[in-house]
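Taking it in order: structure first as structure tokens, then the write-up.
What you see below is based on every heavy atom in this structure, not just the backbone, and it leaves out hydrogens, waters and symmetry mates. Read the numbers this way: they start at 1 and go in the same order the structure lists the ligands and their atoms. Owing to the predicted nature of the structure, the values given are computational and were not obtained by experimental measurement.
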Amino acid sequence: MDRERALARVFGAVVPEYERGRPGYPDAAVDWLLPPGCAEVLDLGAGTGKFTSSLVARGLAVHAVEPSDAMRNRLRELYPQVDARAGTAEQTGLPDDCVDAVVVAQAWHWFDEAAAAHEVARVLRPGGTLGLVWNRPDGSVPWAARLRDLLAAFGAGQEDDPAPQLGAGFDTPEQRTVTWRHRQDRASVRSAVASRSYVVAMPAPEREALLDQVDDLVARFAPPGPQVDVPYRTLCWRARVS
Ligand SMILES: C[S@@+](CC[C@H](N)C(=O)[O-])C[C@H]1O[C@@H](n2cnc3c(N)ncnc32)[C@H](O)[C@@H]1O
């Protein structure tokens, strides 16, 4: 089985946790990532539609490409107005010059970068833009710093934020970071952790032990109340097709 299909299967195993625990994206990031006059957009590696929801809310015509049947089926349930297709970043199945923007939320690192950049340049109309975005855990409040440190000990990847390598088909990428807080139910912090790819890949006893530690940390250190505000640092890149 090729690399993309293997990874797509990882997320397909945790659709409810993903949907319950993962944040959407702040408006300041979404607005910065979309070019002026954008009417038609492709959400690539769209998952269950966490970014798609912001595109739908802006009244745009949206195509979503997602290889995991389970993720895509959930997206279709939530956003039936979206043209959701099976496909990959390297082979979207869309025609040439068909969208004003391509957005990739929390997914560019899974792609074959050179092949995906080539495919994105093909489907973008002249002057169109590619937007990349990641929600990064932000340790700016003590309980969230504890959570970040706990996950680092269990194998969360280093996040050194290198610039995307898009090749000659794009202008030099611009970068912006947006800090914000995602309000969610206390119990869904566990779901957010459970939906991370390296947690899905753990043996079940280890995974349950980690998730119990997450619950314990939230119970002891997060501010009281039925909901918690989880701080994020949202890293954005945008580049215009040459
Ligand atoms: C972390 S999830 C992000 C989903 C969604 N964009 C979001 O912001 O929540 C990564 C997604 O990329 C998809 N994916 C993995 N490899 C892919 C590829 N080669 N082409 C397109 N999507 C891919 C996975 O199936 C998964 O839905």
*Rounded to the nearest 0.5 Å, how far apart are CG of L147 and CD of Q213?*
11.0 Å
Has ligand 1 got any nitrogen or oxygen that is less than 3.5 angstrom from a nitrogen or oxygen of [X]?
X	value
F51	no
Y18	yes
E66	yes
R22	no
F111	no
Y25	yes
A89	yes

Those atoms of ligand 1 less than 4.0 Å from some heavy atom in [X]:
X	answer
F11	1 (C), 10 (C), 24 (C), 26 (C)
M71	27 (O)
K50	7 (C), 9 (O)

Check [X] against [Y] and note the closest heavy-atom contact, atom names and distance.
X	Y	result
G12	A70	O-CB, 3.6 Å
G21	H182	O-NE2, 4.4 Å
R190	D215	NH1-OD2, 2.6 Å
A116	E90	N-CG, 4.3 Å

*asked:* Heavy atom to atom 12 (O) of ligand 1, shortest distance: which of P67, A105, A107, S197 holds it?
replied: A107
*asked:* Checking contacts here: is it the side chain or the backbone of A116 that comes within 4.0 Å of ligand 1, counting heavy atoms only? Could be both or neither.
replied: neither
_Once side chain to side chain contact (heavy atoms under 4.5 Å, CB included) is applied, do any residues pair with R207, and if so which ones, sequence neighbours excluded?_
V199, M202, A204, L211
*Qualifying residue for side chain to side chain donor-acceptor pair (under 3.5 Å) with S195, from R20, R22, E17*: R22
*Centroid-centroid distance, Y25 to W180, less than 6.0 Å*: no
